[in-house]
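Let me begin by presenting the structure, written as structure tokens, before commenting on it.
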Amino acid sequence: MRTLRVIGIGTGNPEHLTLQAVRALADVDAVFALDKGAEKADLLALRRAICAEHIRKPYRFVAAEDPARDRRPADYGGTVEAWHAARAELLEGLIRDNLGAGEVGAFLVWGDPSLYDSTLRILERIRARSTLPFACTVVPGITSVQALTAAHQILLNRIGAEVLITTGRNLADGVLVADSTVVMLDGDPAFDHLDPELTIYWGAYLGSPDEILLSGRLGTVGPEIRRLRAEARTRHGWIMDTYLLRRP
Ligand SMILES: C[S@@+](CC[C@H](N)C(=O)[O-])C[C@H]1O[C@@H](n2cnc3c(N)ncnc32)[C@H](O)[C@@H]1O
């Protein structure tokens, strides 16, 4: 039986790796990576460095091109479904071809595997087809939400109050903000129509040496966040940012 370990690696700081993750990496035979977009080279480089430092035996690094996907589809659900099917097909082939029976493979997942990441969903799909049996374990990682709150030295929630974690797409579509709302996957900040009295805690490249932080009244710092974001994206060729909105 093949074994797969889905390991959360944190969000850009090699020291985000937990001791559990370090142990889980030590004896793997193959590492699988699916990356996409302009950030691909930088994120792959960090994964390769983590492997070089923590895997204690000869191993194979298997990187593959992520299937292409329409970023602004008319039918969002249907497009994501087709994309996941294509990724499952690709990954099943990669695992079969690169991991022998009795060997251990690892997926190094950005942040934590439970948060806006499709690795577990895709492995579930592969398992459901029953054509490639495998055992699976999951090692939690530090999420970008935790990296954001730690960087700003704040709590995620206020006393007894709720937290909503959502996407820029949902916010743009009019999702109501909760007492504390974390927004991820926001390619074009969707906060302009919101109450300017909200407090925003924003962070980009969290955990990495390029980390940028800004916080304050949304109506005051919002335009500056847009400017910093555009500038950083031009400089790096890509950006990953997350923000927390707090009701006044
Ligand atoms: C596909 S999701 C992956 C989330 C990841 N599994 C986690 O636990 O944080 C990618 C989104 O996570 C956020 N993100 C990931 N890494 C980040 C970082 N280093 N700094 C800021 N935001 C980050 C951004 O909102 C980005 O659009």
Side-chain angles (χ1 to χ4, degrees), residues 5-18 20-21 32-47 49-50 66-67 69 71-72 76 79-80 83-84 87 106-123 138-154 156 163-172 175 177 180-191 200-215 225-226 228-233 235-245:
R5 294 182 187 150
V6 181
I7 304 174
I9 60 168
T11 62
N13 181 342
E15 295 187 358
H16 280 181
L17 238 59
T18 64
Q20 187 186 5
F32 298 94
L34 271 191
D35 272 300
K36 55 220 163 212
E39 73 268 33
K40 185 173 151 183
D42 290 351
L43 304 194
L44 265 184
L46 181 77
R47 285 189 172 89
I50 286 174
D66 212 7
R69 163 189 169 194
R71 291 274 151 196
R72 297 201 179 274
Y76 182 74
T79 305
V80 170
W83 184 54
H84 282 176
R87 294 181 105 199
F107 288 89
L108 305 192
V109 172
W110 199 254
D112 179 76
S114 72
L115 188 64
Y116 291 120
D117 185 88
S118 51
T119 309
L120 289 176
R121 205 173 281 125
I122 290 167
L123 290 181
V138 179
V139 177
I142 291 177
T143 68
S144 44
V145 180
Q146 293 162 298
L148 178 75
T149 52
H152 283 284
Q153 302 167 27
I154 55 168
L156 178 57
V163 174
L164 170 70
I165 301 180
T166 189
T167 64
R169 178 187 297 268
N170 288 338
L171 200 64
V175 162
V177 294
S180 298
T181 303
V182 176
V183 184
M184 303 173 68
L185 292 160
D186 191 0
D188 180 18
F191 50 56
I200 184 168
Y201 298 90
W202 174 77
Y205 313 101
L206 291 160
S208 82
D210 300 311
E211 181 173 280
I212 316 172
L213 301 173
L214 196 60
S215 64
I225 290 174
R226 275 194 176 283
L228 283 173
R229 222 184 160 272
E231 197 181 274
R233 175 179 253 161
R235 200 168 52 245
H236 294 269
W238 61 277
I239 187 163
M240 277 207 282
D241 62 341
T242 303
Y243 52 92
L244 188 154
L245 298 166

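Order of listing sets the numbers, starting from 1, for every ligand and every atom in it.
Proximity of a side-chain donor or acceptor of His16 to a complementary backbone N or O of Thr143 within less than 3.5 Å is not detected.
Under a 4.0 Å criterion applied to the non-hydrogen atoms of Met184, ligand 1 contributes the atoms 4 (C), 9 (O), 12 (O), 13 (C), 25 (O). Atom numbering of ligand 1 starts at 1 in the shown order; those under 4.0 Å from a heavy atom of Asp112 are 6 (N), 7 (C), 8 (O). When each atom of ligand 1 is checked for a heavy atom of Thr242 under 4.0 Å away, the hits are 13 (C), 14 (N), 21 (C), 22 (N), 23 (C), 24 (C), 25 (O). Of all atoms in ligand 1, listed by their number and element, those nearer than 4.0 Å to a heavy atom of Gly203 are 21 (C).
For a threshold of 3.5 Å applied to N or O pairs, the pair formed by Thr143 and ligand 1 contains no separation below that value. Polar contact check, Tyr116 against ligand 1: no nitrogen or oxygen pair lies under 3.5 Å apart. Residue Leu115 places at least one N or O, backbone or side chain, under 3.5 Å from an N or O of ligand 1. No N or O atom of Asp186 sits closer than 3.5 Å to an N or O atom of ligand 1. Below 3.5 Å of separation, one finds no N or O of Asp117 facing any N or O of ligand 1. The shortest N or O to N or O distance between Leu185 and ligand 1 is under 3.5 Å. An N or O contact shorter than 3.5 Å links Leu206 to ligand 1 by distance.
Inter-residue side-chain proximity for Tyr243 and Ile225 is flagged as unmet; no heavy-atom pair is nearer than 4.5 Å. Put simply, the side chain of Asp112 does not reach to within 4.5 Å of the side chain of Gln146, judged on heavy atoms. Considering only heavy atoms from C-beta on, Thr11 comes within 4.5 Å of Ser144 through its side chain.
Remark: of the listed residues Leu245, Val177, Thr242, Leu245 is the sole one forming a side chain to side chain contact (heavy atoms under 4.5 Å, CB included) with Val183.
Looking at Ala204, Gly141, Ser144 and measuring to atom 9 (O) of ligand 1, the nearest heavy atom belongs to Ser144.
Contacts with ligand 1 closer than 4.0 Å are made by heavy atoms of both the backbone and the side chain of Trp110.
Within a 6.0 Å sphere centred on CZ of Arg121, other residues, nucleotides and ligands contribute 12 heavy atoms or fewer.
Nearest heavy-atom pair across Gly203 and Leu148 is N-CD1, 3.5 Å. Arg229 and Ile239 get closest at one heavy-atom pair: CG-CD1, 3.7 Å.
Residue contact annotation: Gly207 has no non-hydrogen atom under 4.0 Å from ligand 1.
Between Trp110 and Tyr116, the distance separating the two ring centers is not shorter than 6.0 angstrom.
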